[in-house]
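In this chain, residues are counted from 1 in sequence order.
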Amino acid sequence: MTKPHVHLITCDEYPHLEADDEGLLDALAERGVDPKIVSWTDNSVDWDSAKANVVRSVRNYATQRDAYIKWAKSVPRLLNQPDVQEWNSNKHYLFEMEKMGLKIVPTTWLDPGHKLSKHQIHNRFPAHGEFVVKPAISSGGRAMGRYSAIDSKHRVAALEHCMHLLSSGEPVMIQRYIESVDVHGETSMVYVNGILSHSVSKRAMLHPAQSPQDEIQDEVVTARKACSEDWIRGEEIRMVVHNFIRKRLGHDDLLLFNRIDIIEDGAGGYYVMEISMIDTNLYLKEVPGALDTFADAITMRAFW
């Protein structure tokens, strides 16, 4: 019997699987799958030959979004599927899901097409506390900065940050910095084939007055079993996500992987920070058995 072929997709800048995915090749081979690491820009790849084309480390999609989405739409059996990746590649989806009931961090959205002046942008900064400026299309925390609203030098730096992104044609998010993250950190809930696999707690990564970086600092991760609160909150969020998918596609879709990041709102509730379905760390090394769970999910798709 011929082994089903699976592509694990990276990019030229990250040609190998990242540390989080170490062991995935062996785990798939042990399950009777023939896996191969390929770059999404490699024109020699026969995408039709694979039973599953699984996106892993496509970090440069954010800087080549149009080309990436065009490629994704041309690839059969791509996981996650192209339409999901298209809307998930622009964090404006949070605005759409907020209208459907999700609670997100208070956000001001700036679009390059609005041609805002420096004065107009400056007036959109919070008057007090701290805030974060980041591009709406990003991967790996690219070009994020945290600023103080009451420090004139910080406001000037934040303005320059916004102007640089907008002048490059990038939509911008201005979000309040939620202080509870300094105490409680951030929770990531990882779903595999629609089922909650595991959760991790992460400590705050953006230090005060951090200048925009291409990559944010390494995060401190603590693995833990998913608790009942994770299940409840996760299902609330998943319901909105899948309603959104139905609205776009006319039918639901089973996601191979999905990571939901939330933080405490300081009042007993939570904010949704991000829903990651493209280039996302699944913390497979942090949680015992998580790599096997992911390998099983890919194998199941390969034998469909």
Side-chain angles (χ1 to χ4, degrees), residues 1-61 68 71-72 75-82 84-85 88 139-140 188-202 215 218-226 253-261 276-304:
M1 179 179 177
T2 303
K3 293 182 178 181
H5 188 48
V6 168
H7 287 136
L8 300 176
I9 305 168
T10 63
C11 62
D12 291 341
E13 290 84 345
Y14 297 87
H16 308 292
L17 293 179
E18 295 192 50
D20 183 54
D21 291 324
E22 287 180 359
L24 190 55
L25 282 174
D26 290 341
L28 290 172
E30 290 169 0
R31 288 160 172 78
V33 173
D34 178 23
K36 182 181 180 182
I37 303 171
V38 297
S39 171
W40 71 270
T41 53
D42 186 346
N43 294 325
S44 69
V45 176
D46 179 7
W47 302 107
D48 289 293
S49 68
K51 292 294 185 179
N53 290 298
V54 181
V55 169
R56 293 312 304 133
S57 305
V58 290
R59 287 290 185 92
N60 61 357
Y61 83 80
Y68 178 80
W71 165 83
V75 177
R77 298 176 292 282
L78 185 66
L79 300 168
N80 288 310
Q81 67 106 323
V84 166
Q85 294 199 46
N88 195 237
S139 174
S188 289
M189 297 174 287
V190 177
Y191 287 79
V192 177
N193 267 350
I195 299 174
L196 181 59
S197 169
H198 54 277
S199 297
V200 300
S201 297
K202 301 181 292 184
E215 297 290 336
D218 290 338
E219 55 197 0
V220 179
V221 177
T222 303
R224 60 177 177 79
K225 290 184 178 180
D253 185 66
L254 180 62
L255 303 169
L256 175 63
F257 61 88
N258 177 19
R259 194 187 84 201
I260 299 172
D261 296 342
S276 303
M277 305 177 186
I278 308 175
D279 182 60
T280 182
N281 189 327
L282 300 177
Y283 304 109
L284 302 177
K285 292 184 68 176
E286 308 293 339
V287 181
L291 179 69
D292 288 328
T293 297
F294 191 45
D296 286 341
I298 295 173
T299 301
M300 184 182 77
R301 300 299 186 102
F303 281 97
W304 271 7

Self-check item: Side-chain touch L78/W40, heavy atoms, less than 4.5 angstrom
Solution: no
Practice problem: Go through the steps to decide whether H7 and S49 satisfy the test side chain to side chain contact (heavy atoms under 4.5 Å, CB included), and finish with yes or no. | Solution: CA-CA 9 Å; H7 287 136; S49 68; 3.9 Å; yes
Quiz item: So, for K285 and A19, which heavy atoms are closest and what is the spacing to 0.1 Å?
Solution: CD-O, 2.7 Å
Quiz item: Is there side-chain contact between H16 and T10, with at least one heavy-atom pair below 4.5 Å?
Solution: no
Exercise. Give a yes or no on whether the backbone of L254 and the side-chain of N193 come within a donor-acceptor separation of less than 3.5 Å.
Key: no
Quiz prompt | Side-chain heavy-atom pair T293, H198 within 4.5 angstrom cut-off | solution = no
Quiz item: Between D34 and K51, is the closest basic N to carboxylate O distance under 4.0 Å?
Solution: no
Self-check item: Side-chain touch D21/L8, heavy atoms, less than 4.5 angstrom
Solution: no
Exercise. Report yes or no: is the cationic atom of R56 (NZ for Lys, CZ for Arg) closer than 6.0 Å to the six-membered ring centre of F257, at no more than 45° off its axis?
Key: yes
Exercise. Evaluate the ring planes of Y61 and Y68, with Trp represented by its six-membered ring, and classify them as parallel (under 30°), tilted (30 to 60°) or perpendicular (over 60°).
Key: tilted
Quiz item: Which heavy atom of G32 sits nearest a heavy atom of P4, and at what distance?
Solution: O-CD, 3.3 Å
Quiz item: For N281, does its backbone N or O pair with a side-chain atom of R259 as donor and acceptor, under 3.5 Å?
Solution: yes
Quiz item: Is the backbone N or O of G194 less than 3.5 Å from a side-chain atom of N258, with the two atoms forming a donor-acceptor pair by type?
Solution: no
Exercise. May I ask you to test the M189-L196 pair for a side-chain heavy-atom distance under 4.5 Å?
Key: yes
Quiz item: With distance as the sole test, does R59 use its side chain to make a donor-acceptor pair with the main-chain N or O of C11 at under 3.5 Å?
Solution: no
Exercise. Report yes if the side chains of D292 and R31 come closer than 4.5 Å at any heavy-atom pair, otherwise no.
Key: yes
Self-check item: W47 backbone acceptor or donor facing N53 side chain under 3.5 Å
Solution: yes
Self-check item: D279 side chain vs V58 backbone, donor-acceptor pair below 3.5 Å
Solution: yes
Quiz item: Below 4.5 Å, heavy atoms only, C-beta onward: do V38 and I9 meet side chain to side chain?
Solution: yes
Quiz item: Can you tell if the side chain of D20 reaches within under 4.5 Å of the side chain of F294, non-hydrogen atoms only?
Solution: no
Quiz item: Has the side chain of R301 got a donor or acceptor atom that lies under 3.5 Å from a matching backbone atom of A297?
Solution: no
